Asks: 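One structure coming up, written as structure tokens, with questions to follow.
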Amino acid sequence: MRIFNSLSNHLEEFKPMHKDTVNMYVCGPTVYNYIHIGNARPVIFFDVVRRYFEYKGYTVNFVSNFTDVDDKVITKAIEDEMEEKEVAEKFIDAFYKDAARVGSSTKYLAPRVTEYMSSIISYIERLIDKGYAYTVDGDVYFRVSKIEDYGILSGRKVEDLKEGARIDVNVKKENPLDFTLWKKTDVGITWPSPFGEGRPGWHTECVAMINDIFDGPIDIHGGGSEIKFPHHENEIAQAKALEQHNIANIWMHNGQLNIDDKKMSKSEGRMILVKDLNVDYMGFRLFTLSTHYRSPINYTDEILDSYVREWQKIRRVYKQSFYHLDLAESLEISPEVTENLKAIELRFMDAMDADFNTANAITELQNLVKYTNQTLRSKNSDKALKAAIDLFDTFFKILGLTPGVSPLTASDKAIYMAWDDARKNKDFDKADRLRDKLNARGIL
RNA sequence: GGUCCCGUAGCCAAGUGGCUAAGGCAAUGGACUGCAACUCCGUGAUCGCCGGUUCGAAUCCGGCCGGGACCUCCA
């Protein structure tokens with residue numbers, strides 16, 4: 001399988017560092033607010049990455065952090081007259097709820113900055129010891145000039161960066177590009193350290209946690225493209241300084257989600273929170289996976305709506321097939337995998353193998369829908385239908401889509417049979433009443 | 001100002017050197033149907049514009065137009 005590596009800018013054949021295991025880390029949210037639909041994109045996409053690796057038989061050690069201390073969390077805490085910890089707890093809970101809503105697993109290791117403070121401090125100390133960082137007045141800065149190819153990930157040159165850099169009011173820095181490792185402060189929560197009372201900068205947490213948890217470089221590091229620079233660039237710089245490696249073999253970055261073709265902006269009123277999305281979340285998940293993960297994706301109500309309807313269509317044929325077999329007491333029938341189904345499955349997997357081309361994978365899901373609708377209406381095809389359902393289950397598992405269909409109850413079946421009889425007897429009044437009942441139960 | 005990305009039918013979107021440019025939505029014609037819903041079958045684009053490279057380009061190169069991102073907290 002081939003994955004696009006942001007570090008090399010090329011598609012690369014995936015080779016795990018440790019046989020049958022994938023170690024991956026995805027930059028998680030800063031927990032000062034509910035997540036918006038743009039935050040949901042990596043939550044959904046990297047969940048699919050994990051699912052696909054698991055489908056392929058790998059054990060996936062999936063880690064994604066919570067940034068539970070930084071300026072925003074502190075500001076929010078002061079605003080709401082809460083402790084930083086309370087703010088973090090509140091929005092971590094909310095995050096888990098939203099992640100579950102959009103169909104992503106929440107069962108993974110989620111380290112928090114506050115839990116790794118000693119690791120972060122010692123990481124910074126080691127950087128100072130080796131001359132890659134310097135202390136000024138209780139602040140600690142990373143010395144970018146010590147890193148030979150700083151800018152390698154984001155494809156920037158130090159000269160270009162300097163030219164574009166704002167006039168830095170912080171005269172403490174040796175170089176405007178140097179970034180903060182430790183910030184001296186007396187606002188909000190602080191920790192004691194050898195450099196003084198303060199709190200860590202944003203860029204060390206991920207490297208320190210990865211270093212602690214995985215003990216060495218990992219297979220995949222993921223995140224949104226907008227944090228490629230400076231965050232990921234700075235992570236690499238620190239790891240190079242101490243560990244002489246790039247943290248991850250493969251760096252993956254998802255494109256941004258825009259609203260009405262513009263970047264989300266709270267101040268301009270262009271921001272939608274996941275919890276406020278008043279639709280079937282599976283439709284939203286399908287929407288985010290309908291564009292290749294590296295491309296930007298545009299949100300409008302209309303576009304989302306078309307994917308919600310698409311999801312209903314997918315779910316409908318699955319449900320109808322499932323109930324068809326259930327009514328025939330054939331849910332456990334042995335499947336007959338036809339050539340068509342084999343071809344659809346093969347193309348689906350080919351798409352996933354090609355840098356997680358979920359857009360093409362979804363096309364195959366749609367081909368399966370069409371095939372199943374045709375099969376559903378032909379006679380004596382229960383075995384093929386069973387095979388189709390099995391394939392749906394496989395696709396759903398990989399994409400993280402859940403149709404929410406379970407076997408019918410005895411009373412459901414009785415009504416269904418009665419409806420069928422009424423129609424055969426041309427008792428349409430009765431049939432319509434029974435049909436309403438079945439609709440109310442969500443069976444038709 | 002610097003760096004970079006994108007522009008495929010009304011809409012979403014795949015394809016990044018070679019069979020007739022996938023698929024979906026919408027629209028429209030037909031089939032099915034007690035009615036309706038559902039579903040199935042059919043119908044649409046020469047790929048922003050101009051020029052170049054090539055036997056051959058949506059795919060490579062150059063210019064132009066349009067949109068966006070990053071360079072500052074941001075998934």
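Labels below follow one simple rule: chain letters A, B, ... track the order of the sequence lines, proteins then strands, and each chain is numbered from 1. Being a predicted model, the structure only gives us computed values, none of them experimental.
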Asks: According to the Watson-Crick and G-U wobble definitions, with both distances under 3.5 Å, which nucleotide is paired to B:A27?
Replies: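 In the structure as shown, B:A27 has B:U43 as its Watson-Crick or wobble partner.
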Asks: Provide, to the nearest angstrom, the distance between the CD1 atom belonging to A:I227 and the P atom belonging to B:C4.
Replies: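 Answer to the nearest Å: 21 Å.
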Asks: A:H253 NE2 to B:C5 P: how many Å, rounded?
Replies: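 Checked: the NE2 to P distance equals 15 Å.
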Asks: Examine B:C70: is either OP1 or OP2 under 4.0 Å from a nitrogen or oxygen in the side chain of A:K263? Give yes or no.
Replies: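 Yes.
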Asks: Have a look at A:P42 and say if it touches a base, only the backbone sugar-phosphate, or nothing, with a 4.0 Å heavy-atom cut-off.
Replies: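 Base: the residue A:P42, judged by heavy atoms under 4.0 Å, touches a nucleobase.
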Asks: Going by salt bridge (Lys or Arg N to Asp or Glu O under 4.0 Å), A:D139 matches just one of A:K173, A:K183, A:K172. Which one?
Replies: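 Of all the options given, the one that passes is A:K172.
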Asks: Which comes earlier along RNA chain B counting from the 5' end, the contact point of A:R423 or that of A:A359, where each point is its nearest nucleotide?
Replies: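 Taking each residue's closest nucleotide, the earlier one in sequence belongs to A:A359.
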Asks: Name every residue in residues 32-39 of chain A that has at least one heavy atom under 4.0 Å from any atom of RNA chain B, in order of residue number, or write none if there are no such residues.
Replies: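 Nucleic-acid contacts, sorted: A:H36, A:G38, A:N39.
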Asks: Round to the nearest Å and state the distance from A:D260 atom CG to B:C12 atom C1'.
Replies: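 Whole-Å distance recorded here is 15 Å.
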Asks: In terms of the angle between their ring planes, are A:F179 and A:H203 parallel, tilted or perpendicular, with boundaries placed at 30° and 60°?
Replies: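 Geometry flag for A:H203 against A:F179: perpendicular rings.
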Asks: Please confirm whether any donor atom in the side chain of A:D432 sits under 3.5 Å from an acceptor in the base of B:G34, or the reverse.
Replies: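 Yes, the side chain and the base share a sub-3.5 Å donor-acceptor pair.
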Asks: Who does B:G1 pair with, Watson-Crick or G-U, both distances under 3.5 Å?
Replies: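 Because both required distances fall under 3.5 Å, B:G1 counts as paired with B:C71.
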Asks: What's A:E226 touching, base or sugar-phosphate or nothing? Going by heavy atoms closer than 4.0 Å.
Replies: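 Base, at least one base heavy atom under 4.0 Å.
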Asks: Is there a donor N/O on one and an acceptor N/O on the other, under 3.5 Å, for the side chain of A:K370 and the base of B:C40?
Replies: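 Checked by distance alone, the answer is no.
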Asks: Look through every strand shown and name the nucleotide pairing with B:C60 as Watson-Crick or G-U wobble, where both distances are under 3.5 Å.
Replies: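 The answer is B:G52, by the H-bond criterion.
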Asks: CD1 of A:I443 versus C1' of B:A37: gap in Å, rounded?
Replies: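 Value for this atom pair: 16 Å.
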Asks: Provide, to the nearest angstrom, the distance between the CG atom belonging to A:L257 and the P atom belonging to B:C12.
Replies: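 That distance rounds to 14 Å.
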Asks: At under 4.0 Å, does any side-chain N or O of A:N373 touch on OP1 or OP2 of B:C40?
Replies: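 Answer is yes, contact under 4.0 Å.
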Asks: Looking at the base of B:C35, is there any donor atom on it, or on the side chain of A:R435, that sits under 3.5 Å from an acceptor on the other one?
Replies: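 By the distance-only test, yes, there is a pair.
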Asks: Rounded off to whole Å, could you give me the OH-to-P distance for the A:Y371 and B:C40 pair?
Replies: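 It works out to 14 Å between those atoms.
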Asks: Quick check on contacts: within residues 300-318 of chain A, what sits under 4.0 Å from RNA chain B by heavy-atom distance?
Replies: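 Nucleic-acid contacts, sorted: A:I303, A:S306, A:Y307, A:R309, A:E310, A:K313, A:R316.
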Asks: For A:N254 and B:C74, give me the distance from atom CG to atom P, rounded to whole Å.
Replies: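 For the pair A:N254 CG and B:C74 P, the rounded distance is 15 Å.
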Asks: Heavy-atom nearest nucleotide on RNA chain B for A:S154 versus A:R377: which residue maps closer to 5'?
Replies: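 Nearest nucleotide further toward 5': that of A:S154.
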Asks: Ring-plane angle category for A:F45 and A:Y293, please: parallel below 30°, perpendicular beyond 60°, tilted otherwise.
Replies: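 Ring orientation of A:F45 relative to A:Y293: parallel.
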Asks: Look at the aromatic rings of A:F287 and A:F284 and report parallel, tilted or perpendicular, splitting at 30° and 60°.
Replies: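 Judged by the thresholds at 30° and 60°, the geometry between A:F287 and A:F284 is tilted.
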Asks: Applying a 3.5 Å limit to both distances, which nucleotide forms a Watson-Crick or G-U wobble pair with B:C19?
Replies: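 Answer to the pairing question: none, since B:C19 forms no Watson-Crick or G-U pair.
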Asks: Please give, in whole Å, the distance from B:U3 C1' to A:N9 CG?
Replies: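 So the two atoms are 13 Å apart, to the nearest Å.
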Asks: Report the relative orientation of the aromatic rings in A:H221 and A:W251; use parallel for angles under 30°, tilted for 30 to 60°, perpendicular for over 60°.
Replies: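 Parallel.
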Asks: Paired with B:G66 by Watson-Crick or G-U wobble geometry, both distances under 3.5 Å: which nucleotide is it?
Replies: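 Pairing partner, where one exists within any strand: B:C6.
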